[in-house]
Amino acid sequence: MRYLRKKITTGKAENVARSLLGHYLCRKTEDGLVKGMIVETEAYLSKNDQACHASRGKTRRNETMFGEAGKAYIYFIYGNYYCFNVVTGPIGQGEAVLVRAVEPLEGLDLMRERRSYPELDRDLTNGPGKLCQAFAIDRTLDGHELWQEPLYLKENSSINEKTEVKATPRIGISVATSKKLRYIISGSNYLSRRESLE
DNA sequence: GTAGGGATGCCCT
DNA sequence: GGGCATCCCTACA
């Protein structure tokens, strides 16, 4: 298994959001390795997208979003949580993909410990704040290049074309809610919201 | 099972 | 000082 080619994180955010589904997110710390498969993403566009942090220009908080594709944009939200994004646009563009949920594959004991032992394994990583807790992701990793340790994307070569992807409205935003920029692997049990509710 | 609201702290206006 | 790409707990059905 190799690191994900940088190419896949470069381009229009909609396309990258779709392409990242099924690939792996890995995180190494001295406590061990944690790995999951990406099952839910959201695209945040630079233009005509009021919900995107970059839509109001560059600030200290969002400046990595305007940086190089393939870097991590991580921000702090609601006093308690972090959200993890993959920057996708050329320098100066301000586009990114929010990773909203992964299917836990390795290091489940470590995730359980970090998440205070939820009853169900899907509650380890079925939300942007939850997966950042399970993966020990915080602002010290903001700007990190995602093709190297300790936080990196890996290729899943067994993704087949039958994997059914659906586009739905994004979650948790109050503007631009009509755009279908949330992408999910249909049928996954590890989504942040039940598919039947879509 | 679903709905509603409080906690929390950093960044931006 | 307001708002926020969330989570969790409580109440009620």
Side-chain angles (χ1 to χ4, degrees), chain A residues 9 12-18 20-21 25 36 38-67 69 71-89 93-104 111-144 146 151 166-185 189-198:
Chain A
T9 62
K12 291 186 175 181
E14 306 101 295
N15 297 336
V16 175
R18 196 178 276 265
L20 285 177
L21 292 175
L25 178 68
I38 298 171
V39 297
E40 176 176 344
T41 58
E42 283 180 2
Y44 284 86
L45 312 181
S46 63
K47 296 194 175 121
N48 301 318
D49 186 2
Q50 294 284 318
C52 180
H53 289 171
S55 67
R56 298 194 175 190
K58 194 196 280 190
T59 66
R60 188 162 94 250
R61 180 201 200 200
N62 68 19
E63 65 180 347
T64 59
M65 216 176 167
F66 291 87
K71 287 189 172 183
Y73 167 49
I74 296 157
Y75 62 89
F76 185 74
I77 189 91
Y78 294 119
N80 268 328
Y81 304 101
Y82 295 95
C83 289
F84 167 69
N85 300 252
V86 179
V87 178
T88 63
Q93 181 85 2
E95 284 197 6
V97 170
L98 170 70
V99 178
R100 288 192 53 89
V102 304
E103 175 176 342
M111 293 193 224
R112 291 187 186 108
E113 184 182 337
R114 289 172 177 158
R115 291 274 305 133
S116 304
Y117 303 96
E119 266 185 51
L120 303 173
D121 282 346
R122 67 163 176 261
D123 284 319
L124 293 171
T125 54
N126 63 349
K130 295 180 190 178
L131 82 85
C132 282
Q133 276 186 347
F135 277 63
I137 292 173
D138 62 28
R139 276 223 94 186
T140 62
L141 289 163
D142 184 51
H144 172 74
L146 290 168
L151 178 66
K166 281 188 182 171
T168 77
R170 292 176 292 185
I171 294 177
I173 55 173
S174 55
V175 295
T177 51
S178 61
K179 295 174 190 286
K180 289 195 170 182
L181 292 173
R182 171 175 174 255
Y183 298 92
I184 59 175
I185 291 185
N189 290 315
Y190 297 89
L191 302 175
S192 68
R193 184 174 291 191
R194 295 296 172 85
E195 197 170 353
S196 57
L197 301 176
E198 308 298 343

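The sequence lines fix the lettering, A, B, ..., with proteins before strands; numbering per chain opens at 1. If you're wondering where the values come from, they're calculated on a predicted model, not measured in any experiment. Hydrogens, waters and symmetry mates are skipped; everything else that's a heavy atom, side chains included, is used.
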Enquirer: Can you find a side-chain donor-acceptor pair between A:Ser192 and A:Asn126 that sits under 3.5 Å?
Expert: no
Enquirer: Would you sort out whether A:Ile77 and A:Cys83 count as a side chain to side chain contact (heavy atoms under 4.5 Å, CB included), showing the intermediate values?
Expert: CA-CA 7 Å; A:Ile77 189 91; A:Cys83 289; 4.0 Å; yes
Enquirer: For A:Arg170, answer base if it contacts any base atom (sugar-phosphate contacts may also be present), sugar-phosphate if it contacts only those atoms, and nothing otherwise; contact means non-hydrogen atoms under 4.0 Å.
Expert: nothing
Enquirer: Do the side chain of A:Glu42 and the main chain of A:Ile171 share a donor and acceptor less than 3.5 angstrom apart?
Expert: yes
Enquirer: Quick one: side chain to side chain donor-acceptor pair (under 3.5 Å) partners of A:Asp138, sequence neighbours excluded?
Expert: A:Thr140
Enquirer: Looking only at atom P, what distance separates C:dG2 and B:dG6, rounded to whole Å?
Expert: 16 Å
Enquirer: Indicate yes or no: does A:Glu195 engage A:Lys166 in a salt bridge with an N to O separation below 4.0 Å.
Expert: yes
Enquirer: Under 4.0 Å from any heavy atom of chain A: name the first and the last nucleotide of DNA chain C that qualifies, 5' to 3'.
Expert: C:dC4 to C:dC8
Enquirer: Protein within reach of the bases, or only the backbone? For nucleotides 8-13 of chain B, mark each nucleotide 5' to 3' as B, S or -, using heavy atoms under 4.0 Å.
Expert: BBSSS-
Enquirer: Hey, which sits more toward the 5' end of DNA chain C by its nearest nucleotide, A:Ser174 or A:Gln133?
Expert: A:Ser174
Enquirer: Taking ring pair (Phe, Tyr, Trp, His ring centres under 6.0 Å) as the test, write out the residues that go with A:Tyr82, two or more places apart.
Expert: A:Phe76
Enquirer: Please name all residues satisfying ring pair (Phe, Tyr, Trp, His ring centres under 6.0 Å) with A:His144, sequence neighbours left out, ordered by chain then number.
Expert: none
Enquirer: Looking at DNA chain C, which of residues 113-132 of chain A put a heavy atom within less than 4.0 Å of it?
Expert: A:Arg115, A:Gly127, A:Pro128, A:Gly129, A:Lys130
Enquirer: Among all residues two or more places apart in sequence or in another chain, which pass the ring pair (Phe, Tyr, Trp, His ring centres under 6.0 Å) test with A:Tyr190?
Expert: none
Enquirer: Which residues pass the side chain to side chain contact (heavy atoms under 4.5 Å, CB included) test with A:Thr177, sequence neighbours left out?
Expert: A:Ile173
Enquirer: Does some side-chain heavy atom of A:Leu21 sit less than 4.5 Å from a side-chain heavy atom of A:Thr41?
Expert: yes
Enquirer: Can you tell me which stems DNA chain C forms, taking runs of 3 or more consecutive Watson-Crick or G-U pairs with both distances under 3.5 Å?
Expert: B:1-7 with C:6-12, B:9-12 with C:1-4
Enquirer: Please list all pairs passing the salt bridge (Lys or Arg N to Asp or Glu O under 4.0 Å) test where one or both residues lie in residues 72-84 of chain A, with sequence neighbours left out.
Expert: none
Enquirer: Show me the pairs that pass salt bridge (Lys or Arg N to Asp or Glu O under 4.0 Å) and involve residues 115-136 of chain A, at least two apart or across chains.
Expert: A:Arg112-A:Asp121, A:Asp123-A:Lys130
Enquirer: According to side-chain hydrogen bond (donor to acceptor under 3.5 Å, both in side chains), does anything in residues 45-54 of chain A pair up with another residue at least two apart or in another chain? List the pairs.
Expert: A:Ser46-A:Gln93, A:Ser46-A:Glu95, A:Asp49-A:Arg170, A:His53-A:Tyr73
